There are 2 protein chains.
Amino acid sequence: MSGVRAQQKEKTRRLLVDAALNQLSAERSFSSLSLREVAKEAGLAPTSFYRHFTDMDELGLTLVDEAGLTLRQLMRQARQRIAKGGSVIQISVETFMELIESNGNVFRLLLRERSGTSAAFRAAVIREIRYFTMELCDYLQQAKDLDAEVAYMQANAAVTIVFSAGSDALDIDDKYEREQLSKQTIQQLRFIARGAAELSDRRKAIRRKR
Amino acid sequence: MSGVRAQQKEKTRRLLVDAALNQLSAERSFSSLSLREVAKEAGLAPTSFYRHFTDMDELGLTLVDEAGLTLRQLMRQARQRIAKGGSVIQISVETFMELIESNGNVFRLLLRERSGTSAAFRAAVIREIRYFTMELCDYLQQAKDLDAEVAYMQANAAVTIVFSAGSDALDIDDKYEREQLSKQTIQQLRFIARGAAELSDRRKAIRRKR
DNA sequence: AATTTTAGCTTACACGTGTACACTACTGCT
DNA sequence: AGCAGTAGTGTACACGTGTAAGCTAAAATT
């Protein structure tokens, strides 16, 4: 009942998850990790791995879930900053870029598995990104009073641009270059916002005519 | 001097390249291919591989180069179609989507290696995509008379959106859904074009004032 | 015609992999 | 107190891997 056992199990499970995360880097993808390596890094015998996951795939999906969690925390953080005033786009991009800097490997995981060889992984990543997109879509519809379909297209395009910029940022060390990239990304998001706002207005005008 | 030998060598080199390409699929990435598998598929003894490439990496870079070639052929094709009249954006997207359908695995290679674990691969892919972007940038500057910096930002955003759409298209079988995706992509590109044109005009106006 | 080069072969080896199996020690339930 | 369940261990095996070494036959060079 006390659960000292379950507690310990959860603890070494985390050891495995963290071991996997720690091994990820620019040069090391999840798919290139072996069960034995992860177990070793966690300080476990290879066969002990199976007490926690049936598969490396299962561990991987857990990692993707955690990455999604990180993404959602990011959103919350961005919302808080936005509430304090300032350019929504600028704050969003800056917050995102901070994530890249502090959690590069988690982000790399998402990027890689999105185009990876496992359908389950791809689906999981896409699900997390879709969630991200939908949040933005809701915001646009509500705060900017956009047409529903237009809001979705804008949100989708914006997320695509931001993720791509994040991917580029991963390969940049120079601080100045990163700022340059941020500025460019912000401008690109403004392009999209501008175009979307216009289409939304046009559609509204048509509706009024009827 | 006749070169019957060199000719034969080139032939089996192609055998290796094609063998690698043929093994690529949604479920199989280049990095998951082994030297032995490729050699076997090409009908060669494993060790014969070394007569043509020092490494799987060298083969991989060759593949990326070929993929870049395919991309450039695509551009030429699109330009020809555009010359015959019609919406530039629509024709470009449709042409690109045809590439996805006919050369999905080549495109997958680019997508995956762009975020892969080898710096050399990443650099090679980025080089090809940059070439693609620059072509578009030149076109925009010239045909649409855009400010240089604005043209680059538009080209960059457009390529990002199109590649992302291509990536999504790879996971879609349904024809109707694909058309839907194309339409959405076209609209998103129009957002960007709209925003870019506006910024370019504004910048021009400022310059005139001086 | 004799010699050198070389594309391709077979054999061989050391290494890392996933995982089956049997065992131990300790928790948790009855 | 005693029994069942289980997190973790070490050993063992079959398999696929990259690649070194040496050989053969045919093309190219001399």
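No experiment lies behind these values; they were computed from the predicted model shown. Each chain gets a letter, A, B and so on, in the order the sequences are listed, and its residues count up from 1.
Classified by interplanar angle (parallel below 30°, tilted 30° to 60°, perpendicular above 60°), the ring pair B/Phe107/B/Phe96 is perpendicular.
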For this session: Dump the intermediate steps for side-chain hydrogen bond (donor to acceptor under 3.5 Å, both in side chains) on A/Ser87 and A/Arg190, then the final yes or no.
Result: CA-CA 11 Å; A/Ser87 157; A/Arg190 294 213 166 114; 3.2 Å; yes

For this session: Quick one: do B/Arg127 and B/Asp65 satisfy salt bridge (charged side-chain N to carboxylate O under 4.0 Å, His left out)? Show the steps, please.
Result: CA-CA 10 Å; B/Arg127 185 166 45 77; B/Asp65 278 357; 3.6 Å; yes

For this session: Apply the test side chain to side chain contact (heavy atoms under 4.5 Å, CB included) to residues B/Phe132 and B/Leu74: give CA-CA distance (whole Å), side-chain angles for both, the deciding distance (0.1 Å), then the verdict.
Result: CA-CA 10 Å; B/Phe132 195 78; B/Leu74 173 85; 4.1 Å; yes

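Legend: residues meeting side-chain hydrogen bond (donor to acceptor under 3.5 Å, both in side chains) with B/Arg203, ordered by chain and number and at least two apart, are B/Asp147, B/Glu149.
Rounded to whole angstrom, the span from the CZ atom of A/Phe49 across to the C1' atom of C/dA20 amounts to 16 Å. Across the protein-nucleic acid pair, B/Lys11 atom NZ and D/dA27 atom P stand 13 Å apart, rounded to whole Å. For B/Gln7 and D/dA28, the CD to C1' distance is 15 Å, given to the nearest whole Å. At whole-Å resolution of the value, CG in A/Leu44 and P in C/dT19 are 16 Å apart. The distance from atom CD of A/Glu10 to atom P of D/dT6 is 16 Å, rounded to the nearest whole Å. Atom CD in A/Gln8 sits roughly 11 Å away from atom P in C/dG28 (whole-Å rounding). Rounded to an integer number of Å, the gap from NZ of B/Lys9 to P of D/dA28 is 13 Å. Counting to the nearest Å, the C1' atom of C/dA7 and the CG atom of B/Leu15 are 13 Å from each other.
Taking the nucleotide of DNA chain D with the nearest heavy atom to each of B/Arg51 and A/Thr12, the more 5' of the two is matched to A/Thr12.
Annotation for A/Arg122: atom CZ counts as buried by contact number, over 12 foreign heavy atoms lying within 6.0 Å.
Helical stems in DNA chain C, defined as runs of 3 or more consecutive Watson-Crick or G-U wobble pairs with both donor-acceptor distances under 3.5 Å, are listed by first residue as C:1-30 with D:1-30.
In this structure, A/Gln23 contributes its side chain and A/Glu37 its backbone to a donor-acceptor pair below 3.5 Å.
Side-chain contact check for B/Gln90 and B/Glu94: at least one donor-acceptor pair (N or O, by modelled atom type) lies under 3.5 Å.
Comparing D/dG8, C/dT5, C/dG8 against the side chain of B/Arg5 picks out C/dT5 as the nearest.
Each of A/Ser32, A/Ser31, A/Ser25 was checked for a side chain to side chain donor-acceptor pair (under 3.5 Å) with A/Arg28, and the lone residue meeting it is A/Ser32.
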For this session: Determine, for nucleotides 13-20 of chain D in 5'-to-3' order, which nucleotides have protein heavy atoms under 4.0 Å from the base (write B), from only the sugar-phosphate (write S), or from neither (write -).
Result: ----BBBB

